[in-house]
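Predicted model, so just to flag it, every value in this text is computed and none were measured.
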Amino acid sequence: MSAPLRTAISRLDMFAGASPDDIDAVAALAVEQRFKDGEQLFSRGAPGEGMLIVLQGSIRLSIVSVDGRELILREAGPGDVIGEIAVLDGGRRTADATAVGPVVVGFIGQAPFTRLLSTRPAMQMLILQVLCARLRDTTDQLESIALYPLEARLARFLLWHVQRFGRTRPDGGRSAPLTISQSAIASFVGASRPKVNRLLASFEERGAIERRGAIVHCDVAALTRLAQAETAAGGGDGASQDAERG
């Protein structure tokens, strides 16, 4: 096994608290795989043959409708795992997975992983807790898309992004790389790119964010106010309403 792969596995939430021996056993199952930019790792509906731990690059998980519209569910970067449900039940993939740039992953097959878990029951509860958290995250995302206006959805996305990928500044704000395109952000929040562009500019005018190249600086308190349900229910300001009308 490679040292980077073992390190990546040891840092996964689903193996938090696992013993070094458990980590070694999981890492021994992993096989390194490489994909080119734009290459599809798997498609929606395909058999779930295992899970993938991202070592380099990013993987976009999305659903494409019959009329060609794409809804991006998430982008997994180094240290993330995808297919963790499939590695347990071998069920069908629920989304398309596409490489964003060159990608290197560690692949762990469903059959050998299931056999390993049968001999290590303590690991089963760790994984169950993580899957429950994943379900809550999915519910929150669906709620944002279905129940909140665009302004609140975008604010909630930015808050999630800087909490997951950012760092806290001395002034209490958060900064994070924002290399994802506006088109991808638009797919995340269920809107068009022009609407997202207008709202990002509006957020900057109101001091909620500041963009410096590929880095976004966020005023967490200001973004939280924009993301609140009261703002959504009240209809927001003119910028938000204009963005919703397109």
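- Within the 4.5 Å cutoff, the side chain of Gln56 has no heavy atoms near those of the Pro78 side chain.
- Residues Val100 and Glu75 form a side-chain contact, since some pair of their non-hydrogen atoms from C-beta on lies under 4.5 Å apart.
- Summarising the geometry of Ile215 relative to Ser175, their closest heavy-atom pair is CG2-CB, 4.3 Å, with the distance given to 0.1 Å.
- Relative to the ring axis of Tyr148, Arg153 does not place its NZ or CZ within 45° and under 6.0 Å from the centre.
- When side chains are defined from C-beta on, Arg156 does not count as touching Leu223, because their heavy atoms never get closer than 4.5 Å.
- Nearest heavy atoms, Ile63 versus Arg44: CG2-NH1, 2.9 Å.
- With contacts defined as side-chain heavy-atom distances shorter than 4.5 Å, the pair Phe113/Met51 qualifies.
- Using a 4.0 Å cut-off between a side-chain N of Lys or Arg and a carboxylate O of Asp or Glu, Asp21 and Arg120 qualify as a salt bridge.
- Within the 4.5 Å cutoff, side-chain heavy atoms of Leu116 are placed close to those of Val26.
- With a 4.5 Å cut-off on side-chain heavy atoms, Asp96 and Phe42 do not count as touching.
- Leu200 has its side chain within reach of Gln182: a pair of non-hydrogen atoms, C-beta onward, lies under 4.5 Å apart.
- Scanning both residues, Asp37 and Ala99, for their nearest heavy atoms gives OD1-O, 3.6 Å.
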Could you check Thr98 against Arg60 for side-chain hydrogen bond (donor to acceptor under 3.5 Å, both in side chains), going step by step and ending with a plain yes or no?
-> CA-CA 5 Å; Thr98 307; Arg60 179 173 299 158; over 6 Å; no
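- Under a 4.0 Å N-O distance rule, the pair Glu204/Arg206 does not qualify as a salt bridge.
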task: Evaluate the criterion side-chain hydrogen bond (donor to acceptor under 3.5 Å, both in side chains) for residue pair Gln110 and Thr114; output intermediate values, then yes/no.
output: CA-CA 6 Å; Gln110 189 265 336; Thr114 300; 3.1 Å; yes
